[in-house]
Participant: 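Okay, handing you the structure first.
If you read the sequence from its start, that first residue is 1, and numbering goes on from there.
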Amino acid sequence: MDCSELQAHIQKIVISVVNDILEGKGFSYTMPTRSSGNQLYVPELDRIVLKDKMLTREFASVSNSRKVAITTKILQLVYQLCLKRIHVTKRDLFYTDVKLFVKQNESDDVLEDIACMIGCTRSSLQVVASEKGVVVGRVSFEDAGDPIDCTRMGVGGKAIPPFIDRITNIQSDAKFVLLVEKDAAFMRLAEDRFYNQYPCIIITAKGQPDVATRLFLKRIKTELDIPVLGLVDADPYGLKILSVYMSGSKNMSYDSAHLTTPDIKWLGIRPSDLDKYGIPEQCRLKMTEHDIKTGKQLLNEEFIKKNPEWHAELELMVKSKEKAEIQALSNFGFQYLTKTYLPQKLAQGDWI
């Protein structure tokens, strides 16, 4: 949604609120509720979406008055950003009125509510998170008109810009995207110039995926139409990270259409790899009770149940009560990941 459309939506909301006040109905905002009870996984879309339950926050209510005030303040700030055609970070937004917001998570939460109320992406509100994800490899693009060549970004890679709408002219000869969970594995791949031996684009969000990285991945997948292979730890949280990329997060289910990249293939590290590649006992970790509980919960998730091979791997993990990080491969040598494990996986087409 561009700034002009966003301004029109905000004007419509404010006019509706003013009319309600003049008609004696009181001061309130109505929006879709983002609670888990209003979320639904749609197999046909392969993502989590919001249902149609709405909530109304009234200024006259003691429990809601402050949130209504915060909503009004943020609508005002977003409107100003649209007029100036500039972006700010969520932290910048918080510091415009710390006495009202008190904590950043409160202004962040209302920001999500406003995006949900308007029906746009959070980034469309001109407010972004700080840079977190990085990319390296066989892709070039223009960032606000500046040429970027991701083969010339060194070991650290290019920070994925939070303003995805400013990225244009994406060019690549990559055969696939390698989506990596952790920064340590990313650095190994970048330093060994893995993308020169196997033409690919390497992306990481350094753990839990942020919005900019999810948007960038979807943009790359959509425009280049190449497969995405996931390289994560062999534990329940590695799978949860893949699920966020694929199906979306419950917190941002209202924006899942813009953020999800379905059909990511699980390349590794898979539970069956522990025995297949002879990962020694001292490099395996015992799953905690919380790990096992999370694994059992994942077995009931739709994105796992619909893929029998993923389900079988997760069952093996829960049954063995063992997990392993990508770095466990370093037991065979620091370059085993790039020189042996990944080449063998790619040669065999060993992904599910």
Participant: Count the heavy atoms of every other residue, nucleotide or ligand shown that sit under 6.0 Å from CD of Q282, and state whether that count exceeds 12.
Facilitator: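 Yes - once you tally the heavy atoms of other residues, nucleotides and ligands closer than 6.0 Å, there are more than 12.
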Participant: Rounded to the nearest 0.5 Å, what separation is found between the CG atom of L77 and the CG atom of L125?
Facilitator: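 L77 CG to L125 CG: 11.5 Å, rounded to 0.5 Å.
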Participant: Counting N and O atoms only, with roles assigned by atom type, does the side chain of E181 sit under 3.5 Å from a partner on the main chain of D233, one being a donor and the other an acceptor?
Facilitator: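 Yes, E181 side chain to D233 backbone: donor-acceptor pair under 3.5 Å.
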Participant: Salt bridge check: are K90 and D92 linked by an N-O gap of less than 4.0 Å?
Facilitator: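 So K90 does not pair with D92 through a salt bridge.
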Participant: I'd like to know if R270 and D350 make a salt bridge, using a cut-off of under 4.0 Å between side-chain N and carboxylate O.
Facilitator: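 Answer for the salt bridge query: yes.
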Participant: Please answer whether the main-chain N or O of I226 pairs with a side-chain N or O of K221 as donor and acceptor at a distance below 3.5 Å.
Facilitator: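 Yes.
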Participant: Would you confirm whether D192, through its side chain, and T338, through its main-chain N or O, come within 3.5 Å as a donor-acceptor pair?
Facilitator: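 No, because the side chain of D192 does not come within donor-acceptor range (under 3.5 Å) of the backbone of T338.
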Participant: Transitively linked via ILVMFWY side-chain contacts under 4.5 Å: V78 with V98?
Facilitator: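 Same hydrophobic cluster.
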Participant: Say whether, by atom type as modelled, one donor and one acceptor occur between the side chain of K73 and the main chain of T96 under 3.5 angstrom.
Facilitator: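 Flag not set: sc K73 to bb T96 has no pair under 3.5 Å.
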Participant: Using modelled atom types only, decide if a donor and an acceptor are shared between the side chain of R188 and the backbone of Q327 within a distance under 3.5 Å.
Facilitator: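 Side chain of R188 to backbone of Q327: no pair is present.
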Participant: Should the pair R284-D275 be classified as a salt bridge under the 4.0 Å nitrogen-to-oxygen rule?
Facilitator: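 The answer is yes: the pair qualifies as a salt bridge.
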Participant: With clusters defined by side-chain heavy atoms of hydrophobic residues (ILVMFWY) lying less than 4.5 Å apart, directly or transitively, does V211 cluster with V128?
Facilitator: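 No, because V128 and V211 fall into different hydrophobic clusters, even though each may have its own neighbours under 4.5 Å.
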Participant: Look at the side chain of E313 and the backbone N and O of S272, then say whether any donor-acceptor pair between them is shorter than 3.5 Å.
Facilitator: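 It does hold such a pair.
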Participant: For K12, is there any backbone N or O sitting under 3.5 Å from a side-chain donor or acceptor partner on S16?
Facilitator: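 Pair absent, no side-chain N/O of S16 close to backbone of K12.
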Participant: With I114 as reference, evaluate I13, I10, I70, I74 under the side chain to side chain contact (heavy atoms under 4.5 Å, CB included) test and give the passing residue.
Facilitator: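 That would be I74.
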Participant: Starting from M317, can I reach I352 by hopping between I/L/V/M/F/W/Y residues whose side chains sit under 4.5 Å apart?
Facilitator: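 Yes, one cluster joins them.
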Participant: Give a yes or no on whether F216 and F186 share a hydrophobic cluster (residues Ile, Leu, Val, Met, Phe, Trp, Tyr; joining criterion: side-chain heavy atoms under 4.5 Å apart).
Facilitator: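 F216 does not cluster with F186.
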Participant: Might you work through the salt bridge (Lys or Arg N to Asp or Glu O under 4.0 Å) test for D263 and K265, ending with a clear yes or no?
Facilitator: CA-CA 6 Å; D263 196 31; K265 305 299 183 184; 3.0 Å; yes
Participant: Give me the ring orientation class for Y341 and Y336: parallel if the planes are under 30° apart, tilted from 30 to 60°, perpendicular past 60°.
Facilitator: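 Rings of Y341 and Y336: tilted, 30 to 60°.
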Participant: Quick check for you: to the nearest 0.5 Å, what is the distance between Y79 atom OH and Q7 atom CD?
Facilitator: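 Separation between the atoms: 5.0 Å.
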Participant: Is a side-chain donor or acceptor of K345 paired with a backbone partner of L267 at a separation under 3.5 angstrom?
Facilitator: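 It does hold such a pair.
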Participant: Spell out, as yes or no, whether a donor-acceptor pair under 3.5 Å connects the side chain of R66 to the backbone of L100.
Facilitator: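 Checking the backbone N and O of L100 against the side chain of R66, a donor-acceptor pair under 3.5 Å is found.
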Participant: Membership question, hydrophobic clusters at under 4.5 Å side-chain separation (ILVMFWY): are L217 and L259 in the same one?
Facilitator: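 Same cluster: L259 reaches L217 through Ile, Leu, Val, Met, Phe, Trp or Tyr contacts under 4.5 Å.
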Participant: Can you check whether T260's main-chain N or O pairs, donor with acceptor, with K218's side chain at less than 3.5 Å?
Facilitator: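 At least one qualifying donor-acceptor pair exists.
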Participant: Please determine whether a side-chain nitrogen of the Lys or Arg among R219 and E223 lies less than 4.0 Å from a carboxylate oxygen of the Asp or Glu.
Facilitator: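 Result for this pair is yes, salt bridge flagged.
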